[in-house]
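Below is one structure, written out as structure tokens; comments come after it.
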Amino acid sequence: MARLTAIGILSLTLFAASPASASAAGVWTVLVENDIFYNRDRNYTNGVALVRAPGPSSATSWASRVARSLPLLSKEGQVRETYRFGQNMYTPRDIKLANPPVDDRPYAGWLYATVGLGVDTGRRFDQFALTLGMVGPASLAEQGQKLIHRITGVTAPRGWDTQLGNEPGIVLTYDRNWRGPIAHTLGLNLDGTPHIGGALGNVSTYAHAGWTLRYGNRLPLDYGPPRIQPSVPASGFFERTERFSWYLFAGFEARAVARNIFLDGNTFARSRRVDKEPLVGDLQGGLVVTWRSARLSYTHILRTTEFKSQDGTDEFGAVSLSMSL
């Protein structure tokens, strides 16, 4: 943890030392979510993603044409593209067992790529995204977790032979955020952004709604730091600034879940499965700091139980480092 923090701070300092340029620059983000922040290693145990959000003036002609033709997207505003590549890992609560209990979460991995299109009017941000990927051994989650555990000297997971089988995955998501007016209190700024949306696919199908509150100085024109879905929706972009800024944020999301392959098991083949909870909630809070061309964030997430036999709620943390280049 100390090394991760030091690397993040050093990277922020080095990159931010360069002068800011046009706000149309694109943004690269490295995102890590892990339960090791709270001394856990179970359920949704790790997620990593690399995100690219080109600047609004860099939107390609195809992106602009498609965005203007999609329903639910505004015909006015800035068109934004997002590209993401990532991997998620899921494990039962005791990774030392070669044959975990059948009523515990199955081992599973998810390797995916996402293309997203959105339109930001300044007061409303709509996003469509298409995600394609692989569940099962082809996700390379087993190799990834074993490598990390070998490097860190942590107990090796023994139950990956019981993981879900290979299955191509497709998910279509839609999210809408509204930006509320900024209020001024105690010398700082405050705003709130409600959101609604959902996902449809063989990997995930759900509807969600929630709210995020931000409080800090010189609130940037973004919708919070990026997260790995399912989560409170946010934005991969942010505006460069010559002055140091920060804000605290807190939010919640409620999801009505119809399909979760990591609990329901493979769609077309026999696999391990557990009885999922139809309603799941997230509470989150954290800190975002922005200086010149860099944004660093930390988010603490508390998630309610996702399946009937789950032993308590989940806690995990999310760290993201974004550079406007």
Side-chain angles (χ1 to χ4, degrees), residues 1 4-6 8-13 15-17 19-20 23 25 27 29 31-33 37-38 53 56 77-78 80 118 120-127 175-197 208-227 231-254 281-304 313 315-324:
M1 282 298 299
L4 285 174
T5 303
I9 294 174
L10 178 60
S11 301
L12 178 66
T13 303
F15 282 107
S23 61
V27 176
T29 297
L31 172 59
V32 178
E33 296 186 349
F37 295 106
Y38 302 99
Q78 293 180 331
R80 297 189 181 274
D120 185 8
T121 67
R123 288 298 180 185
R124 196 183 89 192
F125 184 36
D126 295 314
Q127 304 176 78
D175 295 298
R176 172 172 290 183
N177 296 65
W178 291 270
R179 189 191 307 282
I182 295 178
H184 303 280
T185 177
L186 301 177
L188 297 173
N189 300 323
L190 175 73
D191 73 356
T193 54
H195 68 269
I196 60 172
H208 67 87
W211 190 287
T212 298
L213 193 68
R214 301 189 305 165
Y215 181 69
N217 73 327
R218 292 184 290 275
L219 289 179
L221 295 178
D222 64 25
Y223 293 86
R227 289 276 318 286
S231 68
V232 173
S235 56
F237 63 89
F238 71 98
E239 298 288 350
R240 295 186 184 206
T241 176
E242 285 288 350
R243 304 174 66 185
F244 179 83
S245 68
W246 62 270
Y247 66 84
L248 299 169
F249 65 93
F252 72 90
E253 176 173 285
D282 282 0
L283 291 175
Q284 71 169 31
L287 171 68
V288 176
V289 295
T290 304
W291 184 35
R292 293 192 174 179
S293 59
R295 177 179 68 179
L296 182 65
S297 73
Y298 178 76
T299 309
H300 174 209
I301 302 96
L302 178 65
R303 178 167 292 169
T304 63
T313 59
E315 276 187 290
F316 57 94
V319 176
S320 70
L321 176 62
S322 301
M323 303 303 308
S324 181

Query raised in the report: Is the side chain of Arg214 donor-acceptor paired with the backbone N or O of Pro220 at a distance under 3.5 Å, no angle test?
Result: yes
Report summary line: OG1 of Thr299 to CG of Asp282, rounded to nearest 0.5 Å, is 11.0 Å
**Report entry** Separation between CG of Leu296 and OG of Ser320, rounded to the nearest 0.5 Å
**Finding:** 7.0 Å
Query raised in the report: Is a side-chain donor or acceptor of Arg179 paired with a backbone partner of Asp222 at a separation under 3.5 angstrom?
Result: yes
Query - Distance, nearest 0.5 Å, that separates OH of Tyr215 from CG of Asp191 - result: 12.5 Å
Query raised in the report: Tell me, do His195 and Val232 make a side-chain contact under 4.5 Å, heavy atoms counted?
Result: yes
Query raised in the report: Are any of the side-chain heavy atoms of Ile301 and Phe316 separated by less than 4.5 Å?
Result: yes
Query raised in the report: Quick one: does Thr304's side chain have a donor or acceptor within less than 3.5 Å of a partner on Gly281's backbone?
Result: yes
Query raised in the report: Of the non-hydrogen atoms in Trp211 and Pro194, which two are nearest, and what is the gap between them?
Result: CE3-CB, 3.4 Å
Query raised in the report: With sequence neighbours excluded, what pairs up with Tyr38 under the ring-ring contact (aromatic ring centres under 6.0 Å, His included) test?
Result: His300
**Report entry** Point-to-point distance, once rounded to the nearest 0.5 Å, from CZ of Arg303 to CG of Leu283
**Finding:** 11.0 Å
Report task. Please determine which of Ser322, Ser293, Pro226 meets the side-chain contact (heavy atoms from CB on, under 4.5 Å) test together with Val27. Result -> Ser322
Report task. Could you tell me whether the side chain of Arg227 and the main chain of Ala318 form a donor-acceptor pair under 3.5 Å? Result -> no
Query raised in the report: Is there a side-chain contact between Thr290 and Glu239 (heavy atoms, below 4.5 Å)?
Result: no
Report summary line: Minimal heavy-atom distance between Ile182 and Asn189, with the atoms involved, is CG2-CB, 3.7 Å
**Report entry** For the student: nearest non-hydrogen atoms of Leu302 and Glu315, plus distance
**Finding:** CD1-CG, 3.6 Å
Report summary line: In terms of heavy-atom contacts, Pro233 and Asp175 come closest through CB-CG, 3.8 Å
Report summary line: Minimal heavy-atom distance between Arg292 and Phe238, with the atoms involved, is O-CE1, 4.2 Å
Query raised in the report: With sequence neighbours excluded, what pairs up with Tyr223 under the ring-ring contact (aromatic ring centres under 6.0 Å, His included) test?
Result: Phe125
Query - Matching residue for Tyr247 among Asn217, Val288, Val289 - test: side-chain contact (heavy atoms from CB on, under 4.5 Å) - result: Val288
Query raised in the report: At their closest point, which heavy atom of Ser245 faces which heavy atom of Arg218, and how far apart are they?
Result: CB-O, 3.8 Å
Requested in this report: Mind running side chain to side chain contact (heavy atoms under 4.5 Å, CB included) on Phe249 and Leu219 for me, showing each step along the way?
Outcome: CA-CA 11 Å; Phe249 65 93; Leu219 289 179; over 6 Å; no
